[in-house]
Amino acid sequence: MLDIKLIRDNPDAVRKRLADRGRGDEAVLNEITVRDQERRALIVEADKLKARRNAVSKEIGALKAKGVDVSERMAEMKEVGNVIAAGDQRMAHVDERLRVILLTIPNLPHPSVPTGKDAADNPEIRRWGQKPEFAFKPKPHWEIGEALDILDFPRATKISGSGFILYKGAGARLERGLINFLLDLHTREHGYTEIFPPFLINRASMIGTGQLPKFEEDMYRLRDDELYLAPTAEVPVSNIHRDEILRHDQLPIYYCAYTPCFRREAGAAGKETRGMIRVHQFDKVEMVKFSHPDSSYDELEKMLANAEKVLQLLGLHYRVILLCTGDMGFASAKTYDIEVWAPGQNAYLEVSSCSNCEDFQSRRANIRFKDKDGKNRFVHLLNGSGTALARLFVALLETYQQPDGSLLLPEILAPYLSGVRAIHRK
RNA sequence: GGAGGGGUGGCUGAGUGGUUGAAAGCACCGGUCUUGAAAACCGGCGGAACGCAAGUUCCCGUGAGUUCGAAUCUCACCCCCUCCGCCA
């Protein structure tokens, strides 16, 4: 949520930066300005009346105690009460409208974010490693996985429908091992505290991080309860400190968490549907930081490095790109994506997205800290994948496939696979 | 799911219709004292909105209602605790 004061004081700058995102969000700014003025006028009016009612009511109490007849004043105050009630009702209307508009406006891009229309305008920041060379034509992961009997797409579809994955045998073992590998790395080497959060999330939390009210149709929701399936661990973990005031010496707070991620992918049908690139349920280890505003961009670079470390340790070639204004997510002020190379598809796949949301989410979720000067300020919230599992799984299969159809995985994973690096067809 | 009890400031906890935004204690901050610390004593100490300011208003789980006036009364919902039932 943007600060209404920022919109009030710098409407043109806000308009410009929203327009850079290219979704037409700047169109509602006029209404915000009008409603804001209306709201403030109503407050002034109501406060005057309430002050009078409070004073006279106090007087009535005192006079009544002395036995004086106060029926005239009481009748007068009843009328004032009616006027106040009518004003409060209008106020509630304006407030609600203003709130809904503010909740559906995206964050402003940081000045360092390049203006652009879509993914084609995202600058590449760096590459690491090289595309592996093969003496044969590398296969896509769905062929490798089915040949090794570690992935079963038809049966996943039978159980749940398209867009679900069934891992089997060494495949299930690899997925579980990867989760442990990622959590161990971030907790032991990068200073994150491990969290295992609930996977069902209430509405207030979903609003807090920005999934609701705007993206309701992208979320899975339970039929009988006001609960949603977590689309990412960012949601439960960021909400850990909702409605809290932290001490400045607690910051920064680093959390990481494994959760499955559930996404309806409404409107994405037919897009990259082959294999396990875009699915309704995938595993992910997420990093979340609560940061002091002064250091949040340093923290973003560190978080990005933490995610890159995963791919470096696994020996997977990747590139880092900076999302332009038109390609950024709703809550983010600046986002880096990491894309891993998938030789079987001759394509880079997004496995991590590291964002600084600044105070956009903490304003919604009311997450503050008491600064050294005693003032309460909103924390800056960052989140980053460290990393998504399904596509990482894909990159491992396609990168480490052998001429005989087997897999030879990186040495570093051996402890997580009972000491075994190779996966053969049984 | 059933029965009962309860949700008040960072914490504990008074308060059952009228100077109560809220006693008291703890915690915290500043000061006196002290070589320093502790103790003692003095003072300060919730959040939000509007306003240039003075200040005004709102907030006692949430939302409606009764009343001139609600933390206090009524209704609904949410959450917590205890017991019972069920259960991994």
For the pair made of [atom1] in [X] and [atom2] in [N], what is the distance, rounded to whole Å?
X        : N     : atom1 : atom2 : result
A/Leu63  : B/U19 : CG    : C1'   : 14 Å
A/Asp225 : B/C77 : CG    : P     : 15 Å
A/Arg203 : B/C78 : CZ    : P     : 16 Å
A/His248 : B/C28 : NE2   : P     : 15 Å

Give a yes or no on whether A/Gln89 atom CD has more than 12 heavy-atom contacts from other residues, nucleotides or ligands under 6.0 Å away.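 Count not over threshold, so no.
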
Indicate yes or no: does A/Arg368 engage A/Glu244 in a salt bridge with an N to O separation below 4.0 Å.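 Judged by the 4.0 Å cut-off on N to carboxylate O distance, A/Arg368 and A/Glu244 do not form a salt bridge.
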
Does a side chain donor of either [X] or [Y] reach within less than 3.5 Å of an acceptor in the other side chain?
X        : Y        : value
A/His141 : A/Glu398 : yes
A/Lys334 : A/Asn356 : no
A/Thr335 : A/Ser355 : yes

Reading 5' to 3' through nucleotides 58-75 of chain B, protein heavy-atom contacts under 4.0 Å coded B for base, S for sugar-phosphate only, - for none: S---------BS------

Produce a footprint string for nucleotides 46-52 of chain B: one letter per nucleotide, 5' end first; B if the base is under 4.0 Å from any protein heavy atom, S if only the sugar-phosphate is, - if neither. -SSSSS-

Any donor and acceptor pair, going by atom type alone, linking the side chain of A/Arg391 with main-chain N or O of A/Ile277 inside 3.5 Å?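 Present.
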
Between [N] and [M], how far apart are the two [atom1] atoms, rounded to whole Å?
N     : M     : atom1 : result
B/G4  : B/A23 : C1'   : 30 Å
B/A24 : B/C33 : P     : 27 Å
B/A49 : B/U82 : C1'   : 41 Å
B/C50 : B/G36 : P     : 48 Å

Test log, rule salt bridge (Lys or Arg N to Asp or Glu O under 4.0 Å), inputs A/Arg35 and A/Glu96: CA-CA 10 Å; A/Arg35 298 283 183 183; A/Glu96 177 58 16; over 6 Å; no

Using ring pair (Phe, Tyr, Trp, His ring centres under 6.0 Å) as the criterion, list what pairs up with A/Tyr400, not counting sequence neighbours.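 Counting only residues at least two positions away or on another chain, A/Tyr400 forms no ring pair (Phe, Tyr, Trp, His ring centres under 6.0 Å).
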
